[in-house]
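Here the structure comes first, spelled out in structure tokens, and everything after it is commentary.
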Amino acid sequence: MSHLLDLGLAELADAIADGSVTSEAATEAALAALDGVGRSLNAVVRLHPDRARQQAREADRRRSRGEKGGPLAGVPLAHKDLFFRAGELCEAGSRILKGHRAGETAAVLERLDAAGALDIGALHLAEFALSPTGYNEHLGHARNPWSLDHCPGGSSSGSAAVVAARIVPAALGSDTGGSIRHPAAMCGVTGLKPTHGLVPLHGTVPLAPSLDCIGPLARSARDAARMMTAIAGFDPRDGATAGAPARDYEAALADDLKGLRIAVPRAYYREDGDEAVLAAIEASLDIFRDAGAEVVETSIPDMAVVNALFHVLMTVEAAAYHRRWLDSRPRDYADQVRGRIEPGLLYPATRYAEALMLRRAVAREWLSAAMATADLVHVPVLRHKVPSIAETTTGAPAEIAAAIARVTHCTRGLSYLGLPVLAAPCGFAGGLPVAFQLVGRPFAEPTLLRAAHAFQARTSWHARKPATAAGSALN
Amino acid sequence: MAEPDPFGADAARPSPVAPDGDRLSRHAALVAEMSAAVSTFALQRLRPGDAPWSFHTLRLEEAARADRPGERT
């Protein structure tokens, strides 16, 4: 068997279930890797070793008694520090919530607990999930396992870094304007931003609830599917989940994409990109063709107005939530983060209402244009190579803002549309990963996962591991 | 002593202090640009039936559509 830490989520869960691996061994390996490689990537906020070991031993005891566990029984996981667990710290990468102990447990953690997973640590994230690069003034910048001088992406930076570095097999992320997709792309893992309202937000520190989504970062589409099966579906404590289906996402996976049509918009998403990045993105289309999909050209509506609509919703909702602290503790925010929230204090209420009221029509128009004859849309996550940390933190404020805007160019508009989007690796440029996004209709997650699974059955980009990986011979 | 609850009533009390006007003014150009784009678009596009919960209507429409596989638009 390969090294314990190389096992993906589904592989590890199945190995624990059949007794070929103990939860205790997997958990000890993950704890050691988090404490070693994880801290060297600045991906770790805090660990729960005592609880993790106790739960691992209990999972092994239950199995030895012949009790059937859940689909993630005994599997050690860790997540960005954004999800409440009753009685425990949750600080959201901020000084504002320093020392905050939650009074309740997030719905997603309850669901992972019910599936048998262990929650062994809290991971790095952008302050209040508000940076696409991995920047955090209070925790320090997280590092990309492929190159320590480069951004790991954010805001779910720790989640992506530890999955890519073979420390834990999967982690939760949250995505408001790209916070699952940026780090998935920059670290070379598979990330799924679900349809808004498919996964309950209850017990999660909000950024902008109309846009916030929780989803998996994992090493493959299969692993993302297994995690989605555990966390998706209606929760009465989150009204946005009304009508959200509960499904077995793994059952929808298939190697064959015959009958699937993938649309490719040339405008906006592929303009002014790096040649090496766009070449890898184009090459990925050949793999989809090889799997049986038909690739067609398409057009999209003006994204400038969609991005403006996103900005109104995101900043106004964030400002409403943060106003209590913007007034009383403004200097406890990093300037970059405070500056991204403050515009929301200035928009008239009418703009905000318009942004909400137009959402269905804009999404419907986008679907009709981009997906009139297709099931999925294929676009890059980033048009440029992964930026260095220096590029996004030094220089004039306008230069930094431009660097950050380049990172979110392909992601934020899709968040306004509320559509499900999967990011998966498809090559390298400058030694760092390149990734595509697959966009689907609301609740088309099974189709997204099926397409990514077929792609990964024919490629090995998702299986490559960085030299910094835990258990690597280079360590 | 119990730790202060940052989500509690005291923390949520409205502040008498207005946000720093000088600082906010640096966002004025961006907000004006975005606001104009949304305003113009809304004047052209808002229709009866467009409600603040419009996205949830779309989700329910699409959930119903999932029962009719093969339909693309």
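All chains are named by letter (A, B, ...) in the order of the sequence lines, taking the proteins before the strands, and each is independently numbered beginning at 1.
- To the nearest 0.5 Å, atoms CD (B:E62) and CG (A:L367) are separated by 6.0 Å.
- The aromatic rings of A:H196 and B:F55 sit perpendicular, their planes meeting at an angle over 60°, well past the 30° parallel limit.
- When heavy atoms are compared at a cutoff of 4.5 Å, B:A51 approaches chain A solely by way of its backbone atoms N, CA, C and O.
- No side-chain heavy atom of A:L309 sits under 4.5 Å from any side-chain heavy atom of B:M34.
- Residues A:H311 and B:L30 have side chains in contact (heavy-atom distance under 4.5 Å, counting atoms from C-beta outward).
- Judged by distance alone, with hydrogens and angles left aside, the side-chain atoms of B:R59 form no donor-acceptor pair with the main-chain N or O of A:F443 at under 3.5 Å.
- In terms of modelled atom types and a separation under 3.5 Å, the side chain of B:S54 and the main chain of A:A361 share no donor-acceptor contact.
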I'd like a table of donor-acceptor pairs (distance under 3.5 Å, sequence neighbours excluded) in which one partner is a side-chain atom from residues 198-208 of chain A, with atom names and distances.
residue : atom : partner : partner atom : Å
A:H202  : NE2  : A:E104  : OE1          : 3.3
A:T204  : OG1  : A:L201  : O            : 3.1

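- Within the 4.5 angstrom heavy-atom criterion, only side-chain atoms of B:R26, from C-beta onward, approach chain A.
- Residues forming a salt bridge (Lys or Arg N to Asp or Glu O under 4.0 Å) with A:D212 (at least two apart in sequence, or on another chain): none.
- Comparing B:T40, B:T57, B:L46 by heavy-atom pairs within less than 4.5 Å of chain A, the highest count is held by B:L46.
- Using a 4.5 Å heavy-atom cutoff, the side chains of A:R364 and B:L58 are in contact.
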Checklist entry - Checking salt bridge (charged side-chain N to carboxylate O under 4.0 Å, His left out) for the pair A:E354/B:R45: CA distance, chi angles, key distance, verdict? => result CA-CA 10 Å; A:E354 289 166 348; B:R45 303 295 294 276; over 6 Å; no

